[in-house]
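What follows is a short report on a single structure.
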Amino acid sequence: MADPHQFFDDTSSAPSRCYGGQPSPGGLGYPTHSSPEAAFLADPMSNMAMAYGSSLAAQGKELVDKNIDRFIPVSKLKYYFAVDTMYVGKKLGLLVFPYLHQDWEVQYQQDTPVAPRFDINAPDLYIPAMAFITYILVAGLALGTQDRFSPDLLGLQASSALAWLTLEVVAILLSLYLVTVNTDLTTIDLLAFLGYKYVGMIGGVLTGLLFGKIGYYLVLAWCSVSIFVFMIRTLRLKILAQAAAEGVPVRGARNQLRMYLTMAVAAAQPLLMYWLTFHLVR
């Protein structure tokens, strides 16, 4: 008879009454269960499936890398972001004071252009990208000081600037095609050159916030003339590369079209600078 004061039966000395009625091989009274993961990994067919899946993943990654490099030249983009602090400071000074700069030729080494951090004349995407982001932030600041800030209005400002930049690039590429200009000017080069105008736009808006419309117009006028001179001296070596290299004066209808195209691109920068900033200063 069991102890009447004992609530549970003592099963420590009864190995036959363990879980499931079967003693464990280890003698601890617990049954052994085989792991499904271990059984799956031990199966030869599963190993073959895993190896085949790994090979498919590797092939897919290689295919994606090739397509990305085809449509988005990552290797070329690294060149346009190869800058340092000294280059950024000198390039900003060149954009604001291009009048004293004499040598505008891009340096080459073994038929490849030198990285921007070694050549101030080389185009880069770091300054245009940072200037565009800063321009959007400054636009939000200007709208906030006038109690006109809203996310929708700031998004409209950013999308409008991107739309005008895209329209500029498409128009220039179409004009180069129609004029049949043989040039090494690429789409990324155009994005770099056209993005430099945001530096002057930032200066104009900030000055307008501090000193009113008079300061805005003075700084914007200075930056507009500076970007006009910068674009003329830079693009003439790209669009008129053959004539400039041979020292031939600009003559003939085709060369005149190229010169008109260069001046039109340079003259469009001040107009867009004013169009994208005049409503931010009141």
Step by step, would you call Leu280 with Leu209 a side chain to side chain contact (heavy atoms under 4.5 Å, CB included)? CA-CA 9 Å; Leu280 297 175; Leu209 293 178; over 6 Å; no
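- Closest approach of Trp104 to Pro98, counting heavy atoms only: CZ2-O, 3.5 Å.
- Nearest approach of Ala192 to Pro128, heavy atoms of both residues: O-CG, 3.5 Å.
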Q: Walk me through it: do Tyr108 and Asp119 pass the test side chain to side chain contact (heavy atoms under 4.5 Å, CB included)?
A: CA-CA 9 Å; Tyr108 284 82; Asp119 183 14; over 6 Å; no
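- Paired with Phe132 under the rule side chain to side chain contact (heavy atoms under 4.5 Å, CB included), one option of Leu165, Leu162, Leu137, Ile127 passes, and it is Leu162.
- Hydrophobic cluster membership is shared by Ile172 and Leu191, with clusters built from Ile, Leu, Val, Met, Phe, Trp and Tyr side chains linked at under 4.5 angstrom.
- Between Gly200 and Leu220 the shortest heavy-atom distance is O-CD1, 4.3 Å.
- By the neighbour-count criterion of 12 heavy atoms within 6.0 Å, atom CZ of Phe81 is densely surrounded, having more than that number from other residues, nucleotides or ligands.
- Annotation: Ile214, atom CD1; neighbour count of heavy atoms from other residues, nucleotides and ligands within 6.0 Å does not exceed 12.
- The stretch residues 133-159 participates, sequence neighbours left out, in these ring-ring contact (aromatic ring centres under 6.0 Å, His included) pairs: Tyr135-Tyr198.
- Counting only residues at least two apart or in different chains, salt bridge (charged side-chain N to carboxylate O under 4.0 Å, His left out) contacts with residues 190-210 comprise Glu168-Lys197.
- The shortest distance between side-chain heavy atoms of Leu194 and Val265 falls below 4.5 Å.
- For Leu100, the CG atom counts as loosely surrounded, since its 6.0 Å shell holds 12 or fewer non-hydrogen atoms of other residues, nucleotides or ligands.
- The CZ atom of Arg282 lies 8.5 Å from the NZ atom of Lys213; values are rounded to the nearest 0.5 Å.
- Both Tyr274 and Leu167 are assigned to one and the same hydrophobic cluster, defined by single-linkage of ILVMFWY side chains at heavy-atom distances under 4.5 Å.
- Residues passing the side-chain hydrogen bond (donor to acceptor under 3.5 Å, both in side chains) test with Tyr126, sequence neighbours excluded: none.
- The six-membered or imidazole ring of Trp222 lies away from that of Phe228, with a centre-to-centre distance of 6.0 Å or more.
- Connection of Leu218 to Val281 is not established within any shared hydrophobic cluster, with ILVMFWY side chains joined at heavy-atom distances below 4.5 Å, either directly or through further cluster members.
- Put simply, CG on Leu154 and CD1 on Ile136 are 6.0 Å apart, with the number rounded to the nearest 0.5 Å.
- When side chains are defined from C-beta on, Met130 does not count as touching Val88, because their heavy atoms never get closer than 4.5 Å.
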Would you sort out whether Val205 and Leu141 count as a side chain to side chain contact (heavy atoms under 4.5 Å, CB included), showing the intermediate values?
CA-CA 10 Å; Val205 175; Leu141 176 63; over 6 Å; no
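- Atom CH2 of Trp164 sits in a sparse spot, with 12 or fewer heavy atoms from other residues, nucleotides or ligands closer than 6.0 Å.
- To the nearest 0.5 Å, the span separating CZ on Phe193 from OG1 on Thr234 amounts to 5.5 Å.
- Residues Phe230 and Val96 form no side-chain contact, since every pair of their non-hydrogen atoms from C-beta on lies 4.5 Å or further apart.
- Remark: of the listed residues Lys91, His101, Arg233, His101 is the sole one forming a side chain to side chain donor-acceptor pair (under 3.5 Å) with Asn121.
- Not counting sequence neighbours, Gln107 has no partner by the side-chain hydrogen bond (donor to acceptor under 3.5 Å, both in side chains) test.
- Taking CG of Leu235 as the start and OG1 of Thr262 as the end, the distance is 6.0 Å to the nearest 0.5 Å.
- Side-chain polar atoms of Thr112 and Tyr79 form no donor-acceptor pair below 3.5 angstrom.
- Counting only heavy atoms from C-beta outward, the side chains of Tyr260 and Ser175 never approach each other to under 4.5 Å.
- Between the CZ atom of Phe97 and the CG atom of Leu92 there is a distance of 11.5 Å, given to the nearest 0.5 Å.
- Scanning both residues, Thr207 and Gly215, for their nearest heavy atoms gives CG2-O, 3.4 Å.
- When only modelled atom types and interatomic distance are considered, Asp124 and Tyr87 share a side-chain donor-acceptor pair under 3.5 Å.
- Taking CG from Leu261 and CG from Leu176, the interatomic distance works out to 5.5 Å, rounded to the nearest 0.5 Å.
- Tracing side-chain contacts under 4.5 Å through hydrophobic residues (I, L, V, M, F, W, Y), one reaches Leu276 starting from Ile133; they form part of the same cluster.
- Taking the side chain as every heavy atom from C-beta outward, Met231 and Gln269 approach each other to under 4.5 Å.
- Listed by first and then second residue, the ring-ring contact (aromatic ring centres under 6.0 Å, His included) pairs that reach into residues 201-221 come to none, sequence neighbours excluded.
- A donor-acceptor contact shorter than 3.5 Å is absent between the side chain of Ser160 and the backbone of Leu156.
- Ala122 and Pro116 make their closest contact through CB-CA, 3.8 Å (heavy atoms, listed as atom of the first residue, atom of the second, distance).
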Worked check of side chain to side chain donor-acceptor pair (under 3.5 Å) between His279 and Gln157: CA-CA 11 Å; His279 60 282; Gln157 189 74 24; 2.9 Å; yes
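- The side-chain hydrogen bond (donor to acceptor under 3.5 Å, both in side chains) search around Tyr177 returns none, not counting sequence neighbours.
- In this structure, a donor-acceptor pair under 3.5 Å is present between the side chains of Asp189 and Tyr80.
- One hydrophobic cluster, built from ILVMFWY side chains closer than 4.5 Å, holds both Leu190 and Val199.
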